[in-house]
Enquirer: 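Take this structure, written in structure tokens, and hold onto it; I'll ask about it next.
Per chain, numbering begins at 1; letters A, B, ... match sequence-line order.
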Amino acid sequence: MKRHITGLFTILAILIFAFPVYAGAPLDSVKKCVNEVIGIVGDPKLKSESAKEIKKEKLRVLYKQMFDEIEFSKRTLTRNWNNFTPAQREEFVKLFEQVLEKAYGDKVLSYTNEKVDFYKETMLSANQAEVQSRIITSSKEVPVFYRVIFKDGKWKVYDVVVENISLVQNYRTQFNDILAKDKPEQLLEILRKKVKQQ
Amino acid sequence: MKTYLNLFMSLVFLFMSGCAYGSHASPSAVTSTHIAQPAVAPVSATAQTTSKSAVAAAKPMEEEYVEDEFDEYSANAAREEKVKIADPLEPFNRAMHEFNDKMYFWAVKPVAQGYQKIVPEPARISVKNFFSNLGFPARFLSCLLQADFKGAATETGRFTINTIWGIGGLLDPSSGKELNLQEQDTDLGQTLGVWGIGQGFYIVWPVFGPSTPRDTISMAGDYFLDPVAYVNPWSVRLGVNIFDKVNSASLRIGDYEALKGAAIDPYLAFRDAYAQYRYERVKARKAKWSSPAPAAGQSPEGGAALPEKVK
């Protein structure tokens, strides 16, 4: 009998600790991260040109908290992920992040005073959700959706959908095309070149 | 063209990476660990991590690199909508993509940059509003053809108000908070899509850019529904069209460059972006078509009112 009660308590405890996580959490956690990014980019103390590196460093830390970069890479490679050796996977994740940082880093830093409005979250499954937001500039509104997954007690972004275009799918199309003809090593070589030339 | 998404702003925050992973054990060693525990459900993963905390703490990421989630990813892939587009004309399209790319960097961009320096942004936004107001007949007709009478009424209201109180369409008072009449984001291509006509294949037109047979019909139809098409003589008409293009390009300088810079194969990146963008726009209109009574506040493309803001 005692054992049953203990078991019951364990289950209750798990339920109690597991549930509150879901209530409104995806939206709030993405919003919090985005606000932190805006805080760093708009920090008046870091306005000078020389502070750019400091800002980038801070944003990198934040990126790690906000994004699940492995999930991100896996989803762009889908099945091909299995054809990569663990070492290749690790290199791929790293290179892919560098490509993205180079492509979008300066855009992020050029952020001025656009308003970001978070207005909706939709559960896609038990542990996945989509958080919808818009960026409002003087001439237009840009819908930006974040797809998040619950892992290790945190909601992490694994895809960003801008104006209905999914970043993950966009890269998936490109990587699939390359991997249909070439080996993983060749894709890595293309990425290495891309990172270097930028 | 709007397609060139302002990927940036958002992506924004992303991609500041550059993590340093801990030193890596030999792949074979890691793999064998993994084989011992093939099922990596979230709960059991936690348990495993605790049990071999020493290893895990030293290299917290390795397990993720080794996980073999073939099944899970096939399942996820099915859940995500696959947007594909046939591309039988790829060699031709790639050549046209190159041509348009050169045209942008050699002609459109320099002109738009010069124009941007002379004309302040509020004036350029007014010009954009003016041309967009002239697009009323095409949007109105598209709404009607999709049996979206509410949208057609909204468009009519916008056109009247913006033409009279918005000084011939230079201002956009109707989209303000009080009236909240938003532009109906639709065209003839979406109408054909709603009617069930497929997109066909991908084609890149010189100057006009990415399209499909369906959207090409739409481009032609929308063109003839635009009053600018009836401006005479043709030289003035061409001038007006170019002015419109340059003006809208001046509001988006940098978007194309950023998307191109982010791409591994820019041609494929733009093709996929175009396919996804059109797919979603048709889907949004279809949703309206099949459920014509969505309460104001459910339109995904900013139609009536957006859902209540969560602040």
Enquirer: So what's closer than 4.5 Å to chain A heavy atoms on B:Ala275: side chain, backbone, both or neither?
Expert: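 Nothing of B:Ala275, per the 4.5 Å heavy-atom cut-off to chain A.
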
Enquirer: Starting at CZ of A:Phe118, measure out to NZ of A:Lys31 and round the result to the nearest 0.5 Å.
Expert: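 The NZ atom of A:Lys31 is 7.5 Å from CZ of A:Phe118, to the nearest 0.5 Å.
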
Enquirer: Taking A:Asn170, A:Asn164, A:Ile190 one by one, which has the highest count of heavy-atom pairs under 4.5 Å against chain B?
Expert: A:Asn170

Enquirer: Answer yes or no: does atom CZ of B:Phe130 have more than 12 heavy-atom neighbours from other residues, nucleotides or ligands under 6.0 Å?
Expert: no

Enquirer: Which atoms of A:Phe84 come close to chain B, meaning under 4.5 Å heavy atom to heavy atom: side chain ones, backbone ones, both, or neither?
Expert: neither

Enquirer: Please flag which part of B:Ile264 lies under 4.5 Å from any non-hydrogen atom of chain A: side chain, backbone, both or neither.
Expert: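 When you check distances to chain A, atoms from both the backbone and side chain of B:Ile264 fall under 4.5 Å.
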
Enquirer: Are the side chain of B:Gln276 and the backbone N or O of B:Ala273 linked by a donor-acceptor pair below 3.5 Å?
Expert: no

Enquirer: Closer than 3.5 angstrom, by distance alone: can the side chain of A:Glu130 be matched with the main-chain N or O of A:Thr122 as a donor-acceptor pair?
Expert: no

Enquirer: Side chain, backbone, both or neither: which part of B:Glu257 has a non-hydrogen atom closer than 4.5 Å to chain A?
Expert: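 The answer is neither part of B:Glu257.
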
Enquirer: Which is it for A:Met66 and A:Val34 under the side-chain contact (heavy atoms from CB on, under 4.5 Å) test, yes or no, and what are the steps along the way?
Expert: CA-CA 9 Å; A:Met66 185 172 174; A:Val34 170; 3.8 Å; yes

Enquirer: So, A:Gln128 and A:Tyr158: side-chain donor and acceptor under 3.5 Å apart, yes or no?
Expert: yes

Enquirer: Which region of A:Leu187, side chain (C-beta onward) or backbone (N, CA, C, O), has a non-hydrogen atom less than 4.5 Å from a non-hydrogen atom of chain B, or is it both or neither?
Expert: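 A:Leu187 has no heavy atom closer than 4.5 Å to chain B.
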
Enquirer: Please look at A:Ile178 and chain B and tell me whether the side chain, the backbone, both or neither of the residue comes under 4.5 angstrom of a heavy atom of that chain.
Expert: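 Side chain only.
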
